[in-house]
Amino acid sequence: MDVTLHLAQDPEADALLGRSPLAALTGMLLDQQIPMEWAFKGPETIARRMGADDLDAHDIAARDPEEFAALLSEKPAVHRYPGSMAKRVQALCHYLVETYDGDAEAVWRDADSGAELLKRLEALPGFGKQKAQIFLALLGKQLGVTPKGWREAAGAYGEAKSYRSVADITGPDSLLKVRAHKQEMKAAAKAAKAAQPKK
C-alpha cells in the first residue's frame, strides 16, 4: 500500500495514511464529531508522539491506557474527546493483534468478495455499518482493493463519481463537494425531524 491520499490536507499526515494500513484505519476510527482533516491528521500525530514513523498495533495495544490517553490529550489534542478515543484506538489495536497478529492490511488482503470484506470491517471495534461502508469505498476507490462486488457492499458510498464521503476526496475541490453534500444531508435530517408531529 503506497498511494497519495489527500484526507488530512497535510503532506506528512497524508503520506502516512497512504502507506500505512493501520494509520488509514485509525484515521477512519477517529472521523466522528470533529472535522475530517483533524481526524485523519491524528495517526501521524500519534506516531510522532510515540517517537515512531508509523503506528504499530502491538505497541499501542500494550501501552498503559492512562499514558496512551495522556498522549492523545497533549495540546493540540488528537480529538475533541481524546480519552474515549484513546480507548477506541487501543480496542481496535487489541482486536487486530488477537485476530490478525497486528497486521491491519490482513483485514482486506485476502477478502474474496465485497460482502466478506464489509463483514470483516464491521467486526472491527468502533466500526458500525456506515463507517465500514465508507472505509470499504475508500479501499476500492483510492487504495486499489477491489474484491468482487465491492461497490455493491459499500452501498451509496461505492457509487462512481459521487461526493458523499472521505472515499471521494482527492484534493481541495472534492473536499468542498463532500462537505457541501454532508451539510445538505444534515439540513435534510433536521428538516425531517422538525416536520414530525410533536407527541
Please list all pairs meeting side-chain hydrogen bond (donor to acceptor under 3.5 Å, both in side chains) that have one or both residues in residues 150-171, counting only residues at least two apart or in different chains.
Q130-Y157, K141-S162, K141-D168, E159-R164, T170-S174
For the hydrophobic clusters of this structure (ILVMFWY residues joined by side-chain heavy atoms under 4.5 Å, transitively), does one cluster hold both Y95 and L30?
yes
Only one of Q90, Q33, Q32 passes side-chain contact (heavy atoms from CB on, under 4.5 Å) with M85; say which it is.
Q32
Is it true that a side-chain atom of H94 and a backbone atom of A61 form a donor plus acceptor pair closer than 3.5 Å?
yes
Counting only N and O atoms by type, is there a donor-acceptor contact under 3.5 Å from the side chain of Q142 to the main-chain atoms of I169?
yes
Report, as yes or no, whether the 6.0 Å neighbourhood of atom CZ on R88 holds more than 12 heavy atoms from other residues, nucleotides or ligands.
no
Establish whether L55 and L71 are linked, either directly or via other cluster members, by ILVMFWY side-chain heavy-atom contacts under 4.5 Å.
yes
Mind running side chain to side chain contact (heavy atoms under 4.5 Å, CB included) on L25 and L29 for me, showing each step along the way?
CA-CA 6 Å; L25 273 178; L29 180 70; over 6 Å; no
Mind checking whether L22 and V97 sit in one hydrophobic cluster, side chains of I, L, V, M, F, W, Y counted as touching below 4.5 Å?
no
Applying salt bridge (Lys or Arg N to Asp or Glu O under 4.0 Å), which residue pairs with at least one partner in residues 123-132 are found, sequence neighbours left out?
none
Step through it carefully: locate the ring centre of Y100, locate the ring centre of W108, and say whether they are under 6.0 Å apart.
no
Walk me through it: do V107 and L96 pass the test side chain to side chain contact (heavy atoms under 4.5 Å, CB included)?
CA-CA 8 Å; V107 176; L96 291 172; 3.7 Å; yes
Given the rule in the side chain to side chain contact (heavy atoms under 4.5 Å, CB included) test, do D112 and K148 qualify, once you have shown the distances and angles that lead to the verdict?
CA-CA 7 Å; D112 57 10; K148 189 178 174 194; over 6 Å; no
All pairs passing side-chain hydrogen bond (donor to acceptor under 3.5 Å, both in side chains) where residues 50-64 contributes a residue, at least two apart
S20-D54, D59-R63
What pair of heavy atoms forms the shortest contact from C93 to A57, and how long is it?
CB-O, 3.6 Å
For I34 and V78, the nearest pair of non-hydrogen atoms, with its separation, is CD1-O, 4.2 Å
Evaluate the criterion side chain to side chain contact (heavy atoms under 4.5 Å, CB included) for residue pair F127 and E122; output intermediate values, then yes/no.
CA-CA 5 Å; F127 277 67; E122 284 186 281; 6.0 Å; no
Donor-acceptor pair, D101 side chain versus D103 backbone, under 3.5 Å?
no
I'd like to know if Y81 and F68 are part of one continuous hydrophobic network [Ile/Leu/Val/Met/Phe/Trp/Tyr, side-chain heavy atoms within less than 4.5 Å].
no
How many angstroms lie between atom NZ of K87 and atom CG of L92, to the nearest 0.5 angstrom?
16.0 Å
Flag the pair D14 / L7 as yes when at least one side-chain heavy-atom distance between them is below 4.5 Å, and no otherwise.
yes
Heavy-atom pair with the smallest gap, counting every atom of L138 and A167
N-CB, 3.4 Å
Nearest-0.5 Å distance that lies between atom CG in L136 and atom CG in L121
6.0 Å
Short question: side chain of D31, backbone of G27 - any donor-acceptor pair under 3.5 Å?
no
What closest approach, in Å, do P125 and A91 show between heavy atoms, and which atom pair accounts for it?
CG-O, 3.7 Å
Is there a donor-acceptor contact under 3.5 Å from the side chain of E12 to the main chain of E44?
no
At their closest point, which heavy atom of A39 faces which heavy atom of P43, and how far apart are they?
O-CD, 3.4 Å
How close do A86 and A69 get, heavy atom to heavy atom, and via which atoms?
CB-CA, 3.6 Å
Counting C-beta onward and ignoring hydrogens, is there a side-chain heavy-atom pair between E37 and K41 closer than 4.5 Å?
no
T45 side chain near L72 side chain, heavy-atom distance below 4.5 Å:
no
